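Scroll down for the structure; my scribbles are underneath it.
This structure is a prediction, so every number in the text was calculated from the model and none was measured.
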Amino acid sequence: MNDDEPYLKSVVLHQYLFGWELPDTILLLTETGDCFVLAAKKKCEFLEAAVGKTPTGSSIIGLTLLTRNKSDGNAENYETLMEAVTAKNGSNGDKKKVGVLMKEWPSEKRESIGGPLVSGWEKSLTGADGLDVSDATPGLSLFMSIKEDSELDLMKKSSVLSNKILKHGFIKRIEEVIDSELNVTHTQLSGEIDGIIEDPSKINLKVPKEHVQSCYFPIVQSGGEYDIKISAQSTEKSLKYDIVTVSLGSRYQNYCSNVARTFLVDPPKEVSETYEVLLSMQEECLRAMVPGRPLKSVYATAVNFLKSSEKSFLVRHLPKNLGFSIGLDFRDPNLVLSAKNSIHFRPGMVFTLSVGFAGVPLSDSAKSAANSKSAVKDIKEYGLLISDMVVISENSKSGEVMTKHGKSLTDISYTINDDDDSSDDDDNGKGGAATNGDEEYARKVAKAPDNVVNGKRRSSRLESTNEAIQNAHEGTAERERRQIALMTRKNEERLRELARSARNKGDDGESDKAEELRAYDRTKDYPDSVLPNQVKVDM
């Protein structure tokens with residue numbers, strides 16, 4: 001086995017059957033249901049407990065263990081295996097069919113990836129007369145793509161793990177980077193996220209380290225260079241505060257999951273609208289992922305949706321496929337959501353649905369409409385990407401998404417630059433000089449930073465885009481604005497009262513300090529000074 005190729009079908013098959021990798025091991029399954037394993041002594045001892053204990057209803061009727069014998073070069077073992085191959089295989093003079101994993105089979109361009117034990121068996125099959133060696137990989141892919149309930153449970157846990165790493169690892173970190181205006185490269189961010197996947201305790205997740213691995217090195221992109229293929233790599237360039245894509249995947253007890261999101265910082269309306277088209281396209285693709293429909297219907301659905309929209313030009317910016325089957329194997333090349341795959345969806349299958357646009361040109365009008373300080377103005381084209389784990393369920397009207405992290409425009413849009421530097425003038429007018437003096441003194445007492453205006457930090461703290469909120473939840477946004485305005489007004493009144501009080505006392509130091517109004521999500525978050533069983537009335 002090769003550590004650089006953890007998803008070899010032979011490795012995946014061993015994990016599926018035994019829950020363990022068995023390097024340099026020969027596994028032979030016959031049409032009659034016999035299973036032969038030729039391996040070293042320790043591996044045979046490991047499998048000994050399974051002999052004679054095949055599950056009821058299993059297609060495998062017996063397990064035979066053959067111990068490696070170096071004295072005769074395993075000639076006797078190979079002969080036993082060959083007898084099993086030729087016993088009831090073929091009829092009427094037809095060649096005996098033997099299915100192998102052709103991608104791992106030695107050829108002129110590729111040497112055997114197995115050890116001496118496996119390579120010896122490969123030579124025996126190659127030199128035997130009357131054998132037809134064919135590729136068994138597509139059949140294994142289809143068989144293993146349908147997950148049992150226990151497998152689905154592990155895949156849901158893997159999906160939750162990836163989801164939490166995205167939320168509490170990447171998003172928290174990137175907000176910190178932008179808020180503090182840190183200079184970090186894409187590869188540095190990817191490395192930090194990869195470290196969290198390998199050790200989830202870094203974000204307070206109680207998951208044993210030995211149960212988790214990274215499916216691939218996380219991919220972070222920004223600055224106008226976007227490759228939405230899963231084979232993309234993060235660059236050494238610094239992160240730009242414009243359009244940021246992230247893709248990450250985790251393995252939980254060998255079962256893989258994948259999630260990707262795009263984050264928009266100071267986005268022009270044109271980019272936001274394109275993102276909403278992508279969201280709608282994903283919803284349509286999910287409706288196509290039902291039992292009985294061919295895999296190619298997903299791609300056809302995406303194309304038809306875009307052609308019927310006002311942005312039909314986006315068809316040419318679609319990737320070559322929109323996802324793939326996932327499980328023990330991260331990406332099964334035989335079950336790709338391409339335009340030509342005629343295999344049908346079946347209950348129990350799990351896919352990564354990965355929709356996106358690459359190389360979309362950013363118009364001059366969009367650049368001019370963007371915030372004057374927005375980094376988006378510096379890019380010529382952009383990419384968008386959304387990837388989710390989707391399970392195919394019986395009698396379902398659409399695929400069921402297992403990676404639940406929000407992806408609406410309000411979830412992924414941020415504003416860090418604001419051209420409108422005006423503030424409320426409610427307190428200007430009567431007693432303006434005194435009021436301004438009180439406010440200035442109150443800020444000094446509260447040690448408020450200079451870039452805080454009316455309780456709102458400009459340019460350094462990420463804020464959800466107001467425009468996006470209006471487009472998605474206008475009513476909710478209006479309530480939130482009123483609540484913010486009310487809290488701002490109450491804060492300012494309290495600041496002025498404290499300022500006047502401190503002046504009357506002669507400003508004897510820092511005994512009094514302004515405290516911001518706070519709201520608590522849960523009662524257990526209340527400070528210790530709040531006693532239980534008391535009624536509080538907010539006036």
Would R173 and E192 count as a salt bridge (Lys or Arg N to Asp or Glu O under 4.0 Å) if you check the C-alpha gap in whole Å, the side-chain angles of each, and the deciding distance to 0.1 Å? CA-CA 9 Å; R173 176 55 174 156; E192 291 178 21; 2.8 Å; yes

Under a 3.5 Å distance rule, please check whether [X] uses its side chain to pair with a backbone N or O of [Y] as donor and acceptor.
| X | Y | answer |
| --- | --- | --- |
| N163 | H405 | yes |
| S374 | N371 | no |
| T185 | Q188 | yes |
| Q221 | D227 | yes |
| S325 | F351 | no |
| S363 | A366 | yes |
| S180 | L182 | no |
| N304 | T301 | no |
| S190 | F217 | no |
| K147 | S145 | yes |

Going through the checks in order, is the ring-ring contact (aromatic ring centres under 6.0 Å, His included) test met by Y226 and F357? CA-CA 9 Å; Y226 304 94; F357 304 127; over 10 Å; no

Pairwise distance [atom1]([X]) to [atom2]([Y]) - rounded to 0.5 angstrom:
| X | Y | atom1 | atom2 | value |
| --- | --- | --- | --- | --- |
| F263 | D411 | CZ | CG | 9.0 Å |
| T187 | Q233 | OG1 | CD | 10.5 Å |
| N321 | N341 | CG | CG | 10.0 Å |
| I243 | I412 | CD1 | CD1 | 9.5 Å |
| K202 | I193 | NZ | CD1 | 10.0 Å |
| Y414 | L264 | OH | CG | 10.0 Å |

Contact between [X] and [Y] at the side-chain level, heavy atoms closer than 4.5 Å - yes or no?
| X | Y | answer |
| --- | --- | --- |
| V277 | E273 | no |
| I174 | L239 | yes |
| S354 | L385 | yes |
| E21 | Q15 | yes |
| D329 | M144 | no |
| S272 | L409 | yes |

Where do I326 and D332 land on the side-chain contact (heavy atoms from CB on, under 4.5 Å) test, with the steps shown first? CA-CA 7 Å; I326 189 171; D332 196 318; over 6 Å; no

Name all residues meeting the side-chain contact (heavy atoms from CB on, under 4.5 Å) criterion together with K404; count only those two or more places apart in sequence or in a different chain, and write none if there are none.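 Checked K404 against side-chain contact (heavy atoms from CB on, under 4.5 Å); zero matches.
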
Among residues at least two apart in sequence or on other chains, which ones pass side-chain contact (heavy atoms from CB on, under 4.5 Å) with K172?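 Residues passing side-chain contact (heavy atoms from CB on, under 4.5 Å) with K172: none at all.
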
Between F330 and F324, is the ring-ring contact (aromatic ring centres under 6.0 Å, His included) condition met? List the steps. CA-CA 9 Å; F330 175 71; F324 43 83; 5.5 Å; yes

Looking at every heavy atom in both [X] and [Y], which two are closest together, and how far apart are they?
| X | Y | result |
| --- | --- | --- |
| S141 | N334 | OG-ND2, 3.1 Å |
| S372 | K377 | CA-CE, 3.6 Å |
| K407 | Y275 | O-OH, 2.5 Å |
| S387 | T352 | CB-CG2, 4.3 Å |
| M389 | C256 | CE-O, 3.6 Å |
| P218 | L248 | CB-CB, 4.3 Å |

With sequence neighbours excluded, what pairs up with T274 under the side-chain hydrogen bond (donor to acceptor under 3.5 Å, both in side chains) test?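 Listed in chain order: Y382.
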
Partner residues of E283 under the side-chain hydrogen bond (donor to acceptor under 3.5 Å, both in side chains) criterion, sequence neighbours left out: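 side-chain hydrogen bond (donor to acceptor under 3.5 Å, both in side chains) check on E283 returns nothing, list empty.
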
Steps toward side-chain contact (heavy atoms from CB on, under 4.5 Å) verdict (T415, V265): CA-CA 6 Å; T415 296; V265 184; over 6 Å; no

From CA spacing to verdict: side-chain contact (heavy atoms from CB on, under 4.5 Å), V391, M155: CA-CA 9 Å; V391 60; M155 295 211 68; over 6 Å; no

Just wondering, are more than 12 heavy atoms of other shown residues or ligands nearer than 6.0 Å to [atom1] in [X]?
| X | atom1 | result |
| --- | --- | --- |
| K229 | NZ | no |
| E210 | CD | yes |
| K164 | NZ | no |

I'd like to know whether C285 forms a side-chain contact (heavy atoms from CB on, under 4.5 Å) with L322, so could you lay out the CA-CA distance, the side-chain angles of the two residues, the decisive distance to 0.1 Å, and finally the verdict. CA-CA 9 Å; C285 290; L322 298 180; 4.2 Å; yes

Would you list the atom pairs, donor with acceptor, under 3.5 Å between side chains in residues 313-320 and any protein atom, with sequence neighbours excluded?
unit_1	atom_1	unit_2	atom_2	d
H317	ND1	A358	O	3.0
H317	ND1	G359	O	3.3

Hey, is K209 close enough to E198 for a salt bridge, meaning N to O under 4.0 Å?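 Looking at K209 and E198, the cut-off is not met.
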
State plainly whether the residues K240 and D242 are in salt-bridge range, i.e. N to O under 4.0 Å.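 Salt bridge: no.
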
Tell me which one of M289, M402, E400 satisfies side-chain contact (heavy atoms from CB on, under 4.5 Å) with V390.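 Going through M289, M402, E400 one by one, the side-chain contact (heavy atoms from CB on, under 4.5 Å) with V390 is satisfied by M289 alone.
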
May I have all residue pairs that pass side-chain hydrogen bond (donor to acceptor under 3.5 Å, both in side chains) and include part of residues 247-261, sequence neighbours excluded?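 Counting only pairs at least two positions apart or across chains, the side-chain hydrogen bond (donor to acceptor under 3.5 Å, both in side chains) contacts touching residues 247-261 are E151-Y255, S158-S257, S162-S250, S162-S257, Q213-R251, Y216-S247, Y216-N258, S250-S257, R261-D388.
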
